[in-house]
Amino acid sequence: MTDKEQFEALSYKRRNAYEVMGEAECSDMDALCNEYKSFLDAGKTERECVKESVRLAGEHGFKNLDEVSSLKAGDRVYKLNRGKNILLAVIGSEDITSGINLVGAHIDSPRLDLKQNPLYESCDTALLKTHYYGGIKKYQWTAIPLAMHGVVYTESGKKIELDIGESENDPVFCVTDLLPHLAADQMSKKMSEGIDGESLNILIGGVPVKSEDVSEKVKFAVLKHINERYGMTERDFQTAEIEVVPAFKARNVGLDESFIGAYGQDDRVCGFTTLKSILDLDAPKKTAMAILVDKEEIGSMGNTGAQSAFFNMAVAEIAEKLTGACTVTQYNKIIENSVCMSSDVNAGVDPNYESVFEKKNASFCNGGVVLTKYTGARGKSGSSDASAELVARLAGIMADNNVLWQTGELGKVDQGGGGTIAQYVANLNMEVIDCGVPVLSMHSPFEITAKADVYMAYRAYMAFYKDC
Ligand code: MN
Ligand code: MN
């Protein structure tokens with residue numbers, strides 16, 4: 001063996017997915033990514049993602065757990081939580097006390113939420129006030145076409161599902177921004193202060209009613225419009241949940257079409273690949289579960305977030321329906337023997353901003369799925385640090401299944417950081433590791449992923465379900 005050969009044998013070199021994928025894999029990747037883009041277009045809110053997941057689950061033989069009285073190996077079920085959170089399970093042939101293989105992703109994404117009293121008139125236009133959701137760079141949300149999705153209950157109790165701005169014939173909405181000619185003061189501010197949270201107001205109308213009796217004529221016209229169209233009054237905004245999101249659809253990016261650009265890929269890229277792998281899974285040894293959670297972007301709080309008891313309750317129900325009765329000891333065994341892949345995105349190295357990454361430990365687009373041992377910030381604070389035993393075991397499974405993977409860390413030490421749902425899963429006393437797809441322009445209205453990494457994430461979850 002030459003020194004060069006020996007060095008190559010002994011050292012680690014990150015690989016590019018296109019060095020390892022054959023023609024058949026590239027065509028599988030393209031088919032998967034076409035489905036993924038449709039999933040993104042069908043689900044721009046957590047509610048819509050859950051609805052689409054239920055539809056796809058039905059097509060793949062999954063039944064609602066509420067309508068099933070007992071379970072056996074091979075059964076496929078899902079359980080819904082308030083229309084915003086879903087758990088899917090495929091019952092394994094092994095006893096459930098040997099543990100569950102769980103993949104968990106979040107399906108909420110940063111956006112602008114309407115306030116409860118949003119509507120007002122100013123300067124002969126009607127606008128809607130918002131409160132942003134999740135960590136956004138506010139300047140990115142101005143001067144782009146926006147769509148409105150949500151749920152409104154009228155005072156008479158009628159439920160209205162809003163979806164305005166996605167069809168070609170729909171109008172869109174917009175947060176206006178200052179012209180450069182008059183932006184001398186704005187442009188001299190710090191970037192974080194250039195756009196004020198209270199100025200993220202959405203333009204929704206400009207035609208006044210012809211009336212001498214009413215002073216707010218444009219607001220009146222908007223109220224008349226939503227009343228005629230939806231039976232809504234201004235009061236109904238107070239009880240509604242309306243999310244404002246980018247109006248554009250998922251697109252291929254690059255001349256080689258190797259990237260996907262879309263809103264909400266953090267974390268629907270993992271949400272979709274997680275869902276797709278459990279839908280495609282057949283007769284696993286261990287019981288496989290997938291959970292798609294809400295509220296990750298605001299701390300996983302609330303009854304539909306990863307900190308909710310929903311997961312424990314769903315596992316208990318499944319265990320009971322499998323065994324007839326599940327004791328506390330059996331339940332504890334299930335949890336402590338379980339392994340979770342917390343599937344969330346990582347920051348891919350951005351060629352425009354190389355300096356914030358430590359490139360030996362950062363993830364790269366087309367480098368494959370990322371296994372992130374720890375996240376956190378300022379000395380790994382707020383992180384679940386996966387054990388060597390778990391990482392080694394999963395690395396072996398990835399190798400056996402020809403899944404290209406890389407390690408990842410969210411930026412240089414002390415540059416910033418972030419967390420995922422992994423810590424909350426770990427707190428239940430399960431083994432857990434973060435695993436997901438590198439993203440560029442994370443939390444922007446148009447996030448970028450590489451198709452090869454989307455494909456490798458799907459392959460990784462599939463390998464995990466089959467072999468862990
Ligand atoms: Mn995320
Ligand atoms: Mn995020």
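One-based numbering, in listed order, for ligands and for the atoms of each. Source: prediction; values computed, not measured. All residue numbers refer to positions in the sequence shown, counting from 1. Just so it is clear, the values below take in all heavy atoms, side chains as well, and ignore hydrogens, waters and symmetry mates.
- The Mn ion (ligand 1) has no N, O or S atom of C270 under 2.8 Å away, backbone or side chain.
- Between Q140 and H443, the side chains place no donor N or O within less than 3.5 Å of an acceptor N or O (distance only, hydrogens not considered).
- With respect to the Mn ion (ligand 2), H443 has NE2 as its nearest N, O or S atom.
- The Mn ion (ligand 1) has an N, O or S atom of D344 closer than 2.8 Å.
- Ring pair Y36/F272: centre-to-centre distance below 6.0 Å.
- Using a 4.0 Å cut-off between charged nitrogen and carboxylate oxygen, K51 and E48 do not count as a salt-bridge pair.
- E297 contributes OE2 as its N, O or S atom closest to the Mn ion (ligand 2).
- Taking the N/O/S atoms of D266 in turn, the shortest distance to the Mn ion (ligand 1) belongs to OD1.
- Between Y263 and F446, the distance separating the two ring centers is not shorter than 6.0 angstrom.
- For the pair R14 and F364, the cation sits on the ring face: its NZ or CZ lies under 6.0 Å from the ring centre, inside 45° of the axis.
- Residue D267 does not count as close to the Mn ion (ligand 1), with no N, O or S atom under 2.8 Å.
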